[in-house]
Amino acid sequence: MINITLPDGSVKKHEAGISAMDIAMSISEGLARNVLSAKVNGKVQDALLPINEDATVQLLTWNDTEGKATMWHSSAHLMAEAVEQLYPGVKFGIGPDIENGFYYDIDFMDYAISDADLPKIEQKMQELAKEKQTFSRKAVPKNEAIEFFTKKGDEYKLELIDELEDGQISFYESGTFTDLCRGPHLPNTGHIKAIKLLSIAGAYWRGDENRKQLTRIYGITFPKKKELTEYLEMLEEAKKRDHRKLGKELEIFTFSQRVGMGLPLWLPKGAELRSRLETFLKDVQRKAGYQQVITPHIGDVNLYKTSGHYDKYGSDSFRPITTPQEGEEYFLKPMNCPHHCEIFAAKPHSYKDLPIRYAEFGTVYRYEQSGELHGLTRVRGFTQDDAHIFCTPDQVKDEFKSVMDIVMTIFKALDFKDFITQISLRDPETPEKYIGSEENWEKAERAIIEVAEERELETVVEYGEAAFYGPKMDFMVRDALGRKWQLGTIQVDYNLPERFELEYTGSDNEKHRPVMIHRAPFGSMERFVAVLIEHCAGNFPLWLTPEQAIILPISEKYHDYAEKLLNLLNNSDIRAQIDFRSEKTGRKIRDAEINKIPFMLIVGEKEEAEGSVSVRKHGEGDLGAMKAEAFVDLVNTTIEQLLNA
RNA sequence: GCCGAUGUAGCUCAGUUGGCCAGAGCAGCUGAUUUGUAAUCAGCCGGUCGGCGGUUCGAAUCCGUCCAUCGGCUCCA
């Protein structure tokens, strides 16, 4: 007999060899029907696998992330089986579960495959799922595994096997499909009730662009049809928040083929919004002791040779600009830091001057592969809200803290709640990859971690993700479709001060190397605005939105009063317009709602007589009448609350 | 850059197996209407059907090629 501990802490005695499924059955049949896999002593495995010793067992269902993973990974097998039956002879790469569904990388050989084939595969999957095929696990000696896939002619699986140790190899067989796989899998394919193959894409084998490109099919499955429908509806909803769609509708930005791909054009409303963001940050930075600087858009090629960027990126960036006569070479500025280093170097510094903080909304240009461009989130010309702090190693922690406060101030003012804070540290295995003294690294890494703790920030720590020149902290957010984008970043840098031979005189009258901190709370104005649009679905915070209110006169008779009102609003720094069209009020309201204008001020006979406005709030409806001055107060206090909360 | 898809008016889309001057709604313009919480009516304007080349008596439709966009892959100082 063995002791099985369940998540609620209860311990039950069972025969050795019992499976998680048997345990579920002993609790209730309904539960057993829903069990997808089980976590045994912390490891996820097949629900049908025998348990031979004392263990803690957690039954996993669709409600558990791991349960979904089991479902989706098994779905990848199911898809592979369907594909193999429809296209005999194809070869398989890897087929994992992912955050939302699964994919399988397949070498389709001579079959020309496209979206049009997906429904056929889906249908086959449905048929196979109905057969309730079981997944049988078999431990296989390495030589047998090699023999199997040699016979099958699947060089991808052979490559994977080659990297595995003998004794650790298992096969899973479901229906007619046998795969090299660690598992775990569903008790049977019958759990897969709703299937949708979403897209088809090329994917390099093992992510290496020098190797063969396989065909990747993405899909997702659910235990209920209804959930699939809901998921697809959710995707549709997400598309409506897409900043490319909203950015166009709200006239924030546009692109032009003539101007060039990846080069955004900010429309008046977008430019206004952006400059408001910039003013806001400048203000915060001024209070935090930053000085604004301005540097040109191109720089001598030697600047980037000194900074080291030429060696690293020179070959895959925009080609240099050459002068007609002297044959000088200039690069479009890919980053602002070398320029700021030269500003620092322009005069000698004492330790008493430090920290020095140079800030610039610096527009930079980077060559991005054409397939990479994506709305405002991935462009070829963008403006960083850049700043570089030059400080002593001892000041790193305080500076880091103050930068983080700036980031938090911004996120609060814009109501950003769902962000991920990632701390990137050295890979302790390969210290030789990093520049800078052990002592300084140690100091900086500890400072970052401590600051995060002091600020009670939830963080993800990634080892080996640090830049070669220093540790960093990044702030990531998701877009409407769940894709992760990096926004703000704070990076410690020991490299550039070295390369530019920056120095300051210490209290000991000796020369010392400053430490540099790169930081950009927004990251880039382009990407930030893109993500902002998707976060608020185009309903910008009141202080930021291009048009805060629109006055809707009931008829021409009230145009004079509307003008008077507009004057009052403008004098109170409220951005507003009047809808002079001879349309019905319902129409004017509808258009204002569509344009996501926060406040609609309806004025007619009553309002004119009383000096009032009837306020309708976007998305909420009629707030009733109030004095015009009361409305001004309402706007001002709302903004105050957002910015100073 | 690679794989796949898409490309008809400013926007959203029709356009059957190749066949009359390529259609609609919205937006825009003009006029009428003077309006009370999500679409007033009428008329008009607007398209080298992404570009180029080919097949054909005839191409938005078929083929080739280039460009752009979308979904991924790779990349991202």
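In the text below, chain A, chain B and the rest are named by the order of the sequence lines, each starting its count at 1.
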Query - Integer angstrom distance from the P of B/G10 to that of B/A5 - result: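 That atom pair is separated by 27 Å.
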Query raised in the report: When the P atoms of B/C76 and B/U61 are considered, how many whole Å apart are they?
Result: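 Rounded to whole Å, the distance is 41 Å.
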Decide if the gap between the ring center of [X] and the ring center of [Y] is smaller than 6.0 angstrom.
{"X": "A/Phe599", "Y": "A/Phe631", "answer": "yes"}
{"X": "A/Phe222", "Y": "A/Tyr231", "answer": "yes"}
{"X": "A/Phe344", "Y": "A/Tyr358", "answer": "no"}

If the cut-off is 4.0 Å, is [X] near the phosphate of [N], judged by side-chain N/O to OP1 or OP2?
{"X": "A/Arg258", "N": "B/A68", "result": "no"}
{"X": "A/Tyr218", "N": "B/C73", "result": "yes"}
{"X": "A/His374", "N": "B/G71", "result": "yes"}
{"X": "A/Arg590", "N": "B/U40", "result": "no"}
{"X": "A/Arg211", "N": "B/C2", "result": "no"}
{"X": "A/Ser199", "N": "B/G72", "result": "no"}

Query - Positions of residues 606-615 of chain A (non-hydrogen atom under 4.0 Å from RNA chain B), listed by number - result: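 Only A/Lys606, A/Glu607, A/Ser614 qualify.
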Requested in this report: Could you pick out which residue, A/Phe255 or A/Ile602, lies toward the 5' side of RNA chain B when each is mapped onto its nearest nucleotide?
Outcome: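 Whichever sits nearer the 5' end wins; that is A/Ile602.
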Report task. Find which nucleotide of RNA chain B each of A/His309 and A/Tyr204 is nearest to by heavy atoms, and output the residue with the more 5' nucleotide. Result -> A/Tyr204
Whole angstrom value for the distance that separates [atom2] of [N] from [atom1] of [X]:
{"X": "A/Phe318", "N": "B/C76", "atom1": "CZ", "atom2": "C1'", "value": "13 Å"}
{"X": "A/Phe108", "N": "B/C73", "atom1": "CZ", "atom2": "P", "value": "17 Å"}
{"X": "A/His618", "N": "B/U37", "atom1": "NE2", "atom2": "C1'", "value": "14 Å"}

Report summary line: Once base and sugar-phosphate atoms are separated, protein heavy atoms under 4.0 Å mark nucleotides 25-35 of chain B, 5' to 3', with B, S and - as --S----BBBB
Report summary line: With B for base contact, S for sugar-phosphate-only contact and - for none (protein heavy atoms under 4.0 Å), nucleotides 3-11 of chain B reads BSS-----S
**Report entry** Assigned partner base of B/U61, Watson-Crick or wobble definition, under 3.5 Å
**Finding:** none
Query raised in the report: Can a salt bridge be assigned to the pair A/Lys240 and A/Glu237 using a cut-off of 4.0 Å between side-chain N and carboxylate O?
Result: yes
